[in-house]
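All heavy atoms count here, side chains included; hydrogens, waters and symmetry mates do not.
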Amino acid sequence: MVQNENGWSTTLPKASSTQPVNIKFSATDGDCWFGIYVNGKLVDNTTLKQGETKDFSHPLPFRVTVGNKFRAKVSLNGNPVDLASSSRSGSVSFQVFTAK
């Protein structure tokens, strides 16, 4: 995981750029929202109520935004993403790509 001014970046070393990554969003303690951007364009956007989950699948690379991150969980290919590691802000954004 690499910090940057727009959030952070993370690599999926066992992921292929041609195979989609499974992304799971969950609203744990209240409402939150999620967005997935590919090539700078919003391709998926959803708002979840407490207790709801939604699954997406996208090839790498992509960027994820999370609003109200303290009430949300994200996993990539079944591995949890630490949303609290970025900043104290309620929103977070991170890039996901394959290791070279």
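Within the 6.0 Å centre-distance limit, the rings of Phe25 and Phe56 are counted as a close aromatic pair.
Hydrophobic clustering (side-chain heavy atoms under 4.5 Å, transitive across Ile, Leu, Val, Met, Phe, Trp, Tyr) groups Val43 together with Leu76.
Between atom CG of residue Leu42 and atom OH of residue Tyr37 there is a gap of 4.5 Å, rounded to the nearest 0.5 Å. Distance SG/Cys32 to NZ/Lys73: 11.5 Å, rounded to 0.5 Å. Rounding to the nearest 0.5 angstrom, the gap separating the NZ atom in Lys24 from the CG atom in Asn77 is 13.0 Å.
In this structure, a donor-acceptor pair under 3.5 Å is present between the side chains of His58 and Asp44.
Around CG of Asp55, the count of heavy atoms belonging to other residues, nucleotides or ligands within 6.0 Å exceeds 12.
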Next item on the list: With side chain to side chain contact (heavy atoms under 4.5 Å, CB included) as the test, would you mind laying out the steps for Leu48 and Lys54 before giving the verdict?
Entry: CA-CA 8 Å; Leu48 297 177; Lys54 189 155 184 183; 4.2 Å; yes
Margin query: With salt bridge (charged side-chain N to carboxylate O under 4.0 Å, His left out) as the criterion, how do Asp31 and Lys49 come out once you've worked through the C-alpha distance, each side chain's angles and the decisive distance to 0.1 Å?
Written below: CA-CA 4 Å; Asp31 297 355; Lys49 302 260 184 223; 3.6 Å; yes
Check: When you look at Ser93 and Arg63, which way does the side chain to side chain contact (heavy atoms under 4.5 Å, CB included) test go after all the steps?
Finding: CA-CA 7 Å; Ser93 178; Arg63 181 171 57 96; 3.2 Å; yes
Checklist line | Chi angles and distances behind the side chain to side chain contact (heavy atoms under 4.5 Å, CB included) call for Trp33, Thr65 | finding: CA-CA 8 Å; Trp33 60 263; Thr65 58; 3.3 Å; yes
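Val21 has its side chain within reach of Phe62: a pair of non-hydrogen atoms, C-beta onward, lies under 4.5 Å apart. At least one side-chain heavy atom of Val66 sits less than 4.5 Å from a side-chain heavy atom of Leu83.
Ser57 approaches Asn22 most closely through the heavy-atom pair OG-OD1, 3.6 Å. Taking all atoms of both residues into account, the shortest heavy-atom contact from Thr47 to Glu52 is O-OE1, 4.3 Å. Listed here is the closest heavy atom pair of Ser26 and Phe34: O-CZ, 3.8 Å.
At distances below 3.5 Å, at least one donor-acceptor pair connects side-chain atoms of Thr28 with backbone N or O atoms of Arg71.
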